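Just below is one structure, and these are the notes that go with it.
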Amino acid sequence: MSAPERLRITGGTVYDPANGIDGEVRDICIEGGRIVERLPAGGPTLDARGMVVMPGGVDIHAHFASSSCNHARRLIPDEHAADPAPAPHLPEDERPARSGTGGSVPSTFTTGYRYAGLGYTTAFDAAVAPLMARHSHSELDDTPCVDGGIFALMGNDEYLLRQIEAGERDRARDYAAWLLQATGAYAMKIVNPGGVEAWKAGQRNVSGLDEPVGGRRVTPRAILETLTDAANALRLPHPVHIHCNNLGTAGNFTTTLASMQALAGRRAHFTHLQFHCYGGGGGQPWSSAATKVIEYVNAHPEVSTDVGQVMFGPAMTITADAPVEYLLHKSSGRRWTNIDIELETGCGIVPLTYKDKAAVGALQWVVGLELFLLSNDPWRVVLSTDHPNGGSFLSYPALIQLLMDRSVRDDQLKRLNPKLIAGSALADGIAREFTLNEIAIITRAGPARLLGLRQKGHLGAGADADVTIYSRDSNLATMFSTPRYVIKGGVIIVEEGQLRRAPAGRRLRVAPEYDDAVLADVRRHFDAYSSVSFDNYPVQVLPGEPVALG
Ligand SMILES: [Zn+2]
């Protein structure tokens, strides 16, 4: 049976913040995979009386479809044994259902099924080495139920660094545009600007915005400025996506604020902010600097962030920030891997468990919650755990519960050692409880708007018919982890809490224009330094059409 062309969701309580609808009982009409104003009477209906209706979830920052994730999967055979994922029973699906493994980095099909089971219908892999883009597209092909795309790593790219050194910022912009197009990426990503290249060159890391990278005439500041301006000049739907220098180190909030100030007035997204908001260092104990950073974010509308909340339990750190992973391996003693991606970036992976009795873990949990609870604009401070770095995406419902229910939050807070979190705003007591409308903003409407996805994150006419319907439950974690229905592009994929269909997702990518005069020079660079020929480098077959630019 194919999906009904038309469907009316009747009587649900709708939360659609992008259209100013905050808990109104109304019908949602679907035709041809899109939301429409109205339908003629008499067609198929879905009774949502007493239930909560929201747009499908949008994950702005996760790691689930990359060669790095594959390395991570190889590192944790014990998790695979502990969480086998049998093939779901999909009676109506034309594609064969696939078994897989779960754990912190599920296999591809299982990732798609589990996102759907959570009510998420769009997700981005936030760090893909351009050279490995082909691999990511193959993984996305095998990740059903979610529309998705990739962010291309550029902050340590040898060709870009050379252009920045030479003052050739226009050429850097043209190269970045070509790279987006060649890799089928959606956005530009910077990880530890210059720091990964410094690590690869034998330097420990870079510590400040004006420290030369590997003794060259290029600095983190110049990388940030060049790529931020390039993304904005190219009118990309999502601004440059920045993982700042000094992730996870005591006292790093000064670097975070300096990076924001360096780009003041320019649209930029600062990712997993929680990992960048620590005080202390220089002999002082670690402390929360969330208040100082969120004050800046609150006052600067051009800045957006996702939080990167840490949740207690198992996680997997996967990042292009290779020098950070060396530190993490040394401090945790856990198994690790560190990978060079020629001319472009690096990658480090360490499995990790966040413990509420551990000083840094407790502080990280507090810092993330402070960023959420002290934000005055949920549209610009959206939900992420940096899956699987701060915890699996499966922990989003528990995080939503922490934000909506102070008593649950305070119960967890009481289990932390008060000495470790003394002086933090959360320890002093924050009364705020998020509303359902605010949850709809930080998990759907906000990320969609920050990503420039005009057809996602809302339920107005013309939007993609991605809808999640929850039964109310006094336990909010239960409510958000077991949606009753999930509709993807007008197709009911979760019915009575069971996955029923697993359609392929759509690829979201951009293809900005550039002056192709740059290509002759890029070809020379490939001929001189790359193990891959220039002609073989671009991903040959990309699905779908690129998203329109702003
Ligand atoms: Zn990340």
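Note that the structure is predicted; figures quoted are calculated from it, not measured. When a ligand or atom number is given, it counts from 1 through the structure's own listing order.
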_I'd like to check Trp379 versus Arg449 (side-chain heavy atoms, cut-off strictly below 4.5 Å). Are they in contact?_
yes
*Return the set of protein N, O or S atoms whose distance to the Zn ion (ligand 1) is under 2.8 Å, each given as residue and atom.*
His61 NE2, His63 NE2, Asp386 OD1
*Kindly write out the residues that satisfy salt bridge (Lys or Arg N to Asp or Glu O under 4.0 Å) with Arg380, not counting sequence neighbours, or none if the list is empty.*
Asp377
*Listed by chain and number, what are the side chain to side chain contact (heavy atoms under 4.5 Å, CB included) partners of Pro239, not counting sequence neighbours?*
Asn232, Arg267, His269
*Quick one: side chain to side chain contact (heavy atoms under 4.5 Å, CB included) partners of Glu158, sequence neighbours excluded?*
Arg162, Glu197, Arg216, Leu343, His525
*Does Lys456 pair with Asp147 as a salt bridge, N-O distance under 4.0 Å?*
yes
_Counting the benzene-type ring for Trp, do Trp365 and Phe312 have ring centres under 6.0 Å apart?_
yes
